[in-house]
Each structure stands twice: as C-alpha cells, then as structure tokens.
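Just so you know, residue 1 is the first one in the sequence shown, and it goes up from there.
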Amino acid sequence: MLKRAQSLYAALAKTLGVATLPADANGGVQLSIGESSTVTLFAEDEFTLMLVSPVMPLPKKLDYGTALWLLRRNFYDSPIAPFRVSCDTAGTIVVWGRLPIEGMTGEALAGLIDALAAEADFIRSEVETD
C-alpha cells in the first residue's frame with residue numbers, strides 16, 4: 001500500500017477508535033456508516049484519495065424534477081463539492097470525490113466520510129420511489 005495512504009488510514013483508525021482499517025487487495029477500505037450507507041476509500045496514488053458511496057439503483061422512471069435536482073448537485077456551486085453524483089456501469093447512483101492526501105488529518109477525513117454518507121442517505125430519501 002502507498003505510504004501516505006497507509007499513514008492517513010492509521011490516523012483515521014485512531015480517530016474512529018479502532019486498531020486498524022484493513023485494506024483489500026486493491027488498497028480499498030470499506031466503512032459502514034449508519035444503517036444504510038457505505039463509503040469506500042481508494043488511494044489512487046501517493047497524492048490522491050478517492051471516496052465513493054453507492055446510493056441506490058437508478059430508478060427506471062426518473063421524473064424531470066428529480067433528474068434536475070441530481071444533476072444540479074454536480075454544478076460549480078454545488079452544496080456537496082468536492083463530491084459529485086454519478087452513475088456507475090451497473091446503473092447505481094454513486095456519490096464520489098477525489099481529495100488530496102497531503103495535509104489531510106484523520107479527523108478531517110472522518111468528517112468528510114460522515115458528510116458523504118449523510119449525502120448518500122439524503123439522495124436516497126429524495127430519489128426513492130414506491
């Protein structure tokens with residue numbers, strides 16, 4: 001694993017009060033947040049960390065207002081910057097962002113993880129259909 005990411009994961013583990021945050025074979029760390037959100041951290045390189053949170057399958061029938069609301073969250077003045085709403089190849093809505101590792105603390109990362117999970121929960125509540 002990349003040294004800076006490993007150091008940041010150790011700082012995050014300390015902040016969360018756990019001994020370690022084991023990474024998978026790809027260097028990803030998956031965290032369950034609350035009752036319904038998951039956030040996965042990937043060290044893309046020595047300088048960049050990607051955070052991804054799957055939200056839900058993209059509804060087959062998405063009304064204009066909901067589509068506009070989702071896309072608006074990607075605009076320059078988005079309330080969730082630096083995160084973006086997207087859809088993966090499996091048709092799952094995801095919230096993701098790339099962050100610089102340098103200068104990031106365990107406390108700051110924990111706050112961003114919580115904010116990302118809260119946004120995933122919020123989007124899920126706004127987009128869910130019967």
Under 3.5 Å donor-acceptor, T15 side chain and A11 backbone: yes
Any L41 side-chain heavy atom under 4.5 Å of L8 side chain: no
T38 backbone acceptor or donor facing S53 side chain under 3.5 Å: yes
Connected via hydrophobic side-chain network under 4.5 Å: F83 and I33: yes
Side chains of L2 and E44 in contact at under 4.5 Å (non-hydrogen atoms): no
From CA spacing to verdict: salt bridge (charged side-chain N to carboxylate O under 4.0 Å, His left out), D45, R4: CA-CA 9 Å; D45 55 35; R4 287 185 183 190; over 6 Å; no
Sidechain-backbone polar pair: D63 side chain, G65 backbone, donor-acceptor under 3.5 Å: yes
L21-V52 co-clustered via ILVMFWY side chain contacts under 4.5 Å: no
In one Ile/Leu/Val/Met/Phe/Trp/Tyr side-chain cluster, 4.5 Å: W96, I113: no
Shared hydrophobic cluster for L16 and L116 (ILVMFWY, side-chain gaps under 4.5 Å): yes
Test item: V29 and Y9 side chains (from C-beta on) under 4.5 Å apart, heavy atoms: yes
Side chain N74, main chain R84, donor-acceptor under 3.5 Å: no
Joint cluster assignment, F122 & I80, ILVMFWY side-chain distance < 4.5 Å: yes
Within-4.5 Å side-chain heavy-atom neighbours: R73 and P79: yes
Beyond-backbone contact of V127 with P59, side-chain heavy atoms, under 4.5 angstrom: yes
Residue pair L31, L12: steps toward the side-chain contact (heavy atoms from CB on, under 4.5 Å) verdict: CA-CA 11 Å; L31 303 169; L12 178 61; 4.2 Å; yes
Aromatic contact, W69 with F75 (centres under 6.0 Å): no
Presence of salt bridge, K3 and E46, under 4.0 angstrom: no
Side chains of R124 and S36, donor plus acceptor under 3.5 Å: yes
Note, T92 side chain near V55 side chain (heavy atom, < 4.5 Å): no
